[in-house]
Amino acid sequence: MTRPHALARDVTYAVVVPTLGGPALGVCLHALAEATGPGPVRVVLVDDRPEAARTPLTAAVPPSLRERTVVVPGGARGPAAARNLGWRAAGDVPWIVFLEDDIVPGPTWGDDLTLDLAAATGRTAGSTARIDVPLPADRRPTDWERETAGLAGTRWITADTAYRRTALVATGGFDERFGQAFREDADLALRMLDAGWTLTGGRRTTTHPVREAGRWNSVRLQACNADDVLMTRLHGRHWWRRAETPRGRLPLHLAVTGAGVTALGCALLGRHRAATACAALWLAGTTEFALARITPGPGTRDEVLTMTVTSALVPPAATWHWLRGWLVHRRVRPHTPFQSAEPAPAPRPAIREPQRS
């Protein structure tokens with residue numbers, strides 16, 4: 001037996017899963033239970049649903065995990081706060097593995113994870129999995145499917161990430177000002193690196209299926225632009241280079257929205273030539289954006305209609321949330337490398353739900 005395999009036998013870890021109680025949770029937990037290799041010493045489900053919407057999560061937990069599973073009320077404060085509650089409730093375990101409730105661990109996940117963690121050096125704070133996003137084989141992917149597929153290349157995605165508990169304590173864990181499942185992973189990774197830790201990619205593979213999404217999903221997602229502002233306030237203008245994150249189309253969205261607003265203003269002031277010129281710029285930018293989303297897609301009538309309408313709505317939505325972010329986070333101070341973490345608040349009591357056979 002090689003040394004990494006021998007060390008893997010001694011690796012202990014807990015799994016933390018923030019959840020809204022959807023049907024995918026059962027799929028995730030059954031795949032976790034069926035994976036080969038050492039299992040978690042504890043599974044912490046953070047129930048982040050509003051109080052009135054809660055029904056027991058018992059049915060989602062497979063029998064082999066029930067004795068090791070605890071449920072913590074999350075208070076509907078978002079995934080960053082839920083993860084903090086989860087790792088603090090997990091107890092004194094060397095490694096905390098964060099999973100999203102809609103992923104599917106691979107069949108050898110337990111073996112691969114423990115090998116990843118056994119190979120970690122003393123300064124390794126975290127290890128990320130390889131994310132696989134299955135796309136349809138019989139047609140070109142939709143805009144939302146391509147968006148989800150981009151997760152496979154995300155550097156520090158918390159869909160499946162293991163962090164050393166001592167590193168979480170040293171850095172204070174996730175920043176709970178990130179209220180959505182967006183950028184809280186990159187923020188923690190940058191703070192870990194600033195504190196002198198290293199982060200590695202692991203060998204384990206996890207599947208991230210494409211979730212169902214409504215017609216207006218791309219418009220709703222523009223709220224994430226406020227989180228980008230928070231990242232800028234914390235880590236500077238070029239944080240996305242350090243985080244190895246694509247810059248996105250925000251500058252173009254700002255320009256297109258500016259052209260549209262200027263066209264309306266000029267029209268109201270009777271400056272028709274200027275209004276026409278600005279309207280032409282708005283139309284050109286909107287058309288380019290729509291074609292960039294339609295051309296690689298399946299070309300169905302529904303997809304083309306959705307891309308056409310939302311391509312006109314996304315730029316102003318992105319601009320609005322970007323401006324909102326600057327207002328909300330105007331007093332946020334830049335993150336200082338090696339700054340000490342705030343004392344960890346006392347964890348909420350874990351609730352062991354009655355487990356039915």
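Count residues from 1 along the sequence.
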Donor-acceptor contact below 3.5 Å, side chain Thr142 vs main chain Glu145: yes

Asn225 (side chain) donor-acceptor with Gln222 (main chain) under 3.5 angstrom: yes

Donor-acceptor under 3.5 Å (Arg42 side chain, Ala90 main chain): yes

CG on Leu234 to OG1 on Thr336, rounded to 0.5 Å: 10.0 Å

Derivation and outcome, side chain to side chain contact (heavy atoms under 4.5 Å, CB included), residues Val72 and Val44: CA-CA 7 Å; Val72 177; Val44 181; 3.7 Å; yes

Any donor-acceptor pair under 3.5 Å from Asn84 side chain to Phe174 backbone: yes

Within-4.5 Å side-chain heavy-atom neighbours: Trp322 and Thr257: no

Test log, rule side-chain hydrogen bond (donor to acceptor under 3.5 Å, both in side chains), inputs Thr232 and Trp239: CA-CA 7 Å; Thr232 300; Trp239 64 265; 3.2 Å; yes

Whether Thr207 side chain and Pro209 backbone form a donor-acceptor pair below 3.5 Å: no

Passing candidate, side chain to side chain donor-acceptor pair (under 3.5 Å) with Asp228, options Arg247, Arg233, Arg183, His321: Arg183

Check: Ala76 main-chain N/O paired with Asp48 side-chain donor or acceptor under 3.5 Å: yes

ILVMFWY cluster, Met192 and Trp87 together (side-chain gap under 4.5 Å): yes

Under 3.5 Å donor-acceptor, Trp240 side chain and Arg237 backbone: yes

Test item: Arg191 side-chain N/O and Thr171 main-chain N/O as donor-acceptor pair under 3.5 Å: yes

Derivation of the side-chain hydrogen bond (donor to acceptor under 3.5 Å, both in side chains) call for Arg139 and Thr300: CA-CA 10 Å; Arg139 58 168 174 79; Thr300 62; over 6 Å; no

Side-chain (Arg164) to main-chain (Ala125) donor-acceptor, under 3.5 angstrom: no

Donor-acceptor contact present, side-chain Arg146 to main-chain Pro141, <3.5 Å: yes

Transitive ILVMFWY side-chain link Trp156 to Phe98, under 4.5 Å: yes

Arg68 side chain near Val41 side chain, heavy-atom distance below 4.5 Å: no

